[in-house]
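Please read through the structure below; I'll follow up with questions.
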Protein chains: 2
Amino acid sequence: MSTLKYSRQREAIKTFLKNRTDHPTADTVYTCLREAYPNISLGTVYRNLSLLEQLGEISRISTGDSAEHYDGNMDPHQHFICSHCHKVYDVRIPEIHSLLGKAVENVPGKIEAFHANFYGVCHECQKEPITLEHNP
Amino acid sequence: MSTLKYSRQREAIKTFLKNRTDHPTADTVYTCLREAYPNISLGTVYRNLSLLEQLGEISRISTGDSAEHYDGNMDPHQHFICSHCHKVYDVRIPEIHSLLGKAVENVPGKIEAFHANFYGVCHECQKEPITLEHNP
DNA sequence: TTAAATATTGATAACTATTACTGTTTTGGA
DNA sequence: TCCAAAACAGTAATAGTTATCAATATTTAA
């Protein structure tokens with residue numbers, strides 16, 4: 001097993017995620033960090049996002065959108081994913097965690113994580129005027 | 001809006017999914033259906049999976065694995081995803097649905113779907129002997 | 001029953017998110 | 001300061017999915 005060494009880039013990725021309340025994709029992390037680290041590599045971003053996830057410092061949200069999203073907030077919470085603008089909102093239903101004890105019996109393995117996603121159209125997108133799908 | 005026309009392929013994809021208890025990927029659907037329909041196209045499979053999902057006849061499971069999985073069972077239930085073999089198991093915790101009423105208030109939009117995923121290593125994989133990661 | 005209209009298909013090219021590779025740089029302990 | 005290992009930047013390769021398009025199948029109405 002390889003020992004972990006410090007890296008400025010990894011630290012930046014981690015603090016970047018911890019300071020965001022939205023749930024950026026790898027590409028967003030990359031684009032934003034390039035301002036402070038102009039020659040950070042996209043591969044480095046992906047490599048460290050995976051690593052940080054394995055270490056349990058961040059979590060990966062599979063939204064069904066084409067790209068994965070990342071969340072620096074490890075407090076137990078849920079997500080609402082807008083199927084129109086693809087934004088990921090935080091949701092808090094504390095009661096849901098009391099069920100996890102019951103889940104243990106009904107599940108064919110050892111639970112390491114629990115993700116609960118709500119899907120729908122967010123209020124912002126509902127406000128928007130109706131647009132034609134195909135403009136001539 | 002275009003009106004839907006019957007298609008033998010779409011019907012086959014739908015009944016295939018309804019008769020499975022596992023949660024195949026698009027590629028698995030494709031490979032299996034090729035036995036009965038030797039020149040069905042992978043594009044056709046993808047196109048109809050998306051369509052059937054929009055119609056609410058099947059649902060798409062984003063497991064965090066590289067490929068999406070599809071589920072023909074629309075009864076409310078949850079999933080356990082093995083992070084080792086990537087199998088998707090059905091889980092039933094009926095109590096979880098009584099919470100959805102409460103969720104409505106805490107969610108920034110209109111809920112159209114709810115997915116709850118447990119992640120961990122399944123009993124099958126826990127049984128397995130430890131294998132070297134790299135065989136020479 | 002036939003014909004026109006259009007949705008769907010198969011085949012393939014294009015796209016895009018992610019991973020793998022490689023030579024160079026950085027880190028941390030001796 | 002020196003060395004081994006980890007991490008990096010840059011880039012190529014992979015894989016899942018979507019788009020394109022000419023040919024085919026389905027539906028409606030004459």
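Every chain is numbered from 1, with letters handed out A, B, ... down the list of sequences.
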When rounded to whole Å, the CZ to P distance for the pair A/Arg10 and D/dA6 reads 11 Å
Give B/Asp27 one of three labels, base, sugar-phosphate or nothing, depending on what nucleic acid heavy atoms sit under 4.0 Å from its own.
-> nothing
B/Thr25 and B/Thr28: side-chain donor and acceptor closer than 3.5 Å?
-> yes
Is there a donor and acceptor pair, one atom on the side chain of A/Lys5 and one on the base of C/dT26, closer than 3.5 Å?
-> no
Report yes if some heavy atom in the side chain of A/Arg34 is under 4.5 Å from a heavy atom in the side chain of A/Leu42; otherwise report no.
-> no
Separation of C/dA7 atom P from B/Leu52 atom CG, nearest Å, is 17 Å
Could you tell me whether the phosphate oxygens of D/dA9, OP1 or OP2, come under 4.0 Å of any side-chain nitrogen or oxygen in A/Gln9?
-> yes
Expressed in angstrom and rounded to an integer, what is the separation of A/Tyr70 atom OH from C/dA17 atom P?
-> 12 Å
Rounding to a whole Å, what distance do you find between B/Glu68:CD and D/dT18:P?
-> 9 Å
Taking D/dA7, D/dT17, D/dG10 as options, the one with an atom nearest any side-chain atom of A/Asn39 is D/dG10
How would you label the contact of A/Tyr6 with the nucleic acid (heavy atoms, under 4.0 Å): base, sugar-phosphate, or nothing?
-> sugar-phosphate
Can you tell me how far CD1 of B/Ile40 sits from CZ of B/Arg8, rounded to the nearest 0.5 angstrom?
-> 9.0 Å
Between A/Leu4 and A/Pro38, name the one whose nearest nucleotide on DNA chain D is closer to the 5' end.
-> A/Leu4
Would you please confirm or rule out a distance under 4.0 Å between OP1 or OP2 of C/dT16 and any side-chain N or O of A/Ser66?
-> no
First encountered from the 5' end of DNA chain D, between B/Ser7 and B/Arg60 | B/Arg60
Give the rounded distance in Å between these two atoms: CG of A/Asn48 and C1' of C/dT27.
-> 14 Å
In terms of ring plane angle, is the pair A/His23 and A/His79 parallel, tilted or perpendicular, where the classes change at 30° and 60°?
-> perpendicular
Could you give the CD-to-P distance, from B/Gln54 to C/dT8, as a whole number of Å?
-> 12 Å
Whether over 12 other heavy atoms sit under 6.0 Å from A/Lys18 NZ | yes
C/dG10 P sits how many Å from B/Leu33 CG, rounded?
-> 11 Å
C/dT18 phosphate, OP1 or OP2: any side-chain N/O from A/Tyr46 under 4.0 angstrom?
-> yes
Check every strand shown and say whether B/Arg8 touches a base, only sugar-phosphate, or nothing at a heavy-atom separation below 4.0 Å.
-> nothing
Distance-only donor-acceptor test, A/Ser2 side-chain atoms vs D/dA5 base atoms, 3.5 Å = no
Rounded distance in Å - CG (A/Leu51) to P (D/dA7) | 7 Å
For D/dA7, take OP1 and OP2 only and decide whether either is under 4.0 Å from a side-chain N or O of A/Arg47.
-> no
